[in-house]
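The structure under discussion appears below in the form of structure tokens.
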Amino acid sequence: ELKSCRLRCLPPGLASHARALKSISAQNNQHLNSLENFASAVELEVAESPDLERIANLPNLRKLEIEACPKLNVLEGICALQRLVLEDYAMETLPEYMQDVNPRHFELRCSLTLLTSIAVGQSGPEWDKFSRIDHVKAYAPDENNKRKWYVLYTREPCSMDTNVRHSISAGKLAQRCRLNLLFHSVH
């Protein structure tokens, strides 16, 4: 566990000496800007690290949880990732690094504004960042309920369910998703 440290980066030799390290938790690290080169790590949780910009070269990482790391813009060398959890209620769009990772499961806890943009589906600006992920669960809070609003997406068979109101009804979106899948399988 790495908590409230003042380091900008971890000492270079630490990763090579921590061969048995399976789980890393880094919380409230105000100046830490990168987490890299922990080949044995299978779980990583980072939270409240406002200067964290880069997570890289974690080839065995299977589960990654990111909470309130607004400067994070690089996720690379994380090829075994199965589950990604991202929590940031101030985020206005999905991060660009979403196109660099391919988890099987993605859970998002975000603002209603971002959730509404995701609920639009294929015609929305976020579609390319999550459409290749097998299972997506996205939630936005309302007063006392952190999961009041939701979008649930499955890639195959393609389906999307939401309780977010927008100009395209969930039924039409699901129908368009199925038609798109049919179109791509024919062509």
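For Y97, there are no ring pair (Phe, Tyr, Trp, His ring centres under 6.0 Å) partners, not counting sequence neighbours. Every side chain to side chain donor-acceptor pair (under 3.5 Å) that R104 has, sequence neighbours left out, goes to D134. For N144, there are no side-chain contact (heavy atoms from CB on, under 4.5 Å) partners two or more places apart in sequence or in a different chain. Applying the side-chain contact (heavy atoms from CB on, under 4.5 Å) test to N60 and every residue at least two apart in sequence or in another chain returns V42. In this view, Q27 and K3, S25, E45, A47 satisfy the side-chain contact (heavy atoms from CB on, under 4.5 Å) rule, not counting sequence neighbours. The ring pair (Phe, Tyr, Trp, His ring centres under 6.0 Å) search around H31 returns none, not counting sequence neighbours. In this structure, the salt bridge (charged side-chain N to carboxylate O under 4.0 Å, His left out) partners of E65, at least two apart in sequence or on a different chain, are K63. For the side-chain contact (heavy atoms from CB on, under 4.5 Å) test, residues two or more places apart in sequence or in another chain that qualify with K129 are T93, L94, E96, M98, Q99, E126.
A donor-acceptor contact shorter than 3.5 Å links the side chain of S40 to the backbone of L21.
Taken from CG in L44 to CD1 in I55, the straight-line distance is 5.0 Å, to the nearest 0.5 Å. Here the NE2-OG distance, from H135 to S159, works out to 9.5 Å after rounding to the nearest 0.5 Å. Within the model, atoms CG of N33 and SG of C69 stand 12.0 Å from one another, a figure rounded to the nearest 0.5 Å.
Residues L114 and L108 are in side-chain contact: their nearest non-hydrogen atoms beyond the backbone lie under 4.5 Å apart. Within the 4.5 Å cutoff, side-chain heavy atoms of V151 are placed close to those of L115. Put simply, the side chain of P125 reaches to within 4.5 Å of the side chain of S117, judged on heavy atoms.
Closest of all the heavy-atom pairs between P50 and P70 is CA-CD, 4.0 Å. Between C110 and P141 the shortest heavy-atom distance is O-CD, 3.3 Å. Closest approach of D128 to S131, counting heavy atoms only: CA-OG, 4.1 Å. When every heavy atom of D142 is checked against every heavy atom of K148, the shortest pair comes out as CB-CG, 3.4 Å.
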| query | Hey, mind stepping through Q30 and N28 against side-chain hydrogen bond (donor to acceptor under 3.5 Å, both in side chains) and telling me if it holds? | reply | CA-CA 6 Å; Q30 298 302 311; N28 198 24; 2.6 Å; yes

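Residue L152 shares its hydrophobic cluster (ILVMFWY side chains chained together at separations under 4.5 Å) with Y139, Y150.
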Would you give me the side-chain donor-acceptor pairs under 3.5 Å for residues 80-89, sequence neighbours excluded?
residue, atom, partner, partner atom, Å
R83, NH2, E107, OE1, 3.1
E87, OE1, R109, NH1, 2.9
D88, OD1, A90, N, 3.0
D88, OD1, M91, N, 3.4

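Separation of the F106 and F130 ring centroids does not fall under the 6.0 Å cut-off.
There is a path of hydrophobic side-chain contacts, each under 4.5 Å, that joins I66 to V101. Hydrophobic clustering (ILVMFWY, side-chain heavy atoms < 4.5 Å, transitive): Y153 and L112 are in one cluster.
Residues in residues 46-59 take part in these side chain to side chain donor-acceptor pair (under 3.5 Å) pairs, two or more places apart or across chains: E36-R54, N37-N57, D51-K71, R54-E76.
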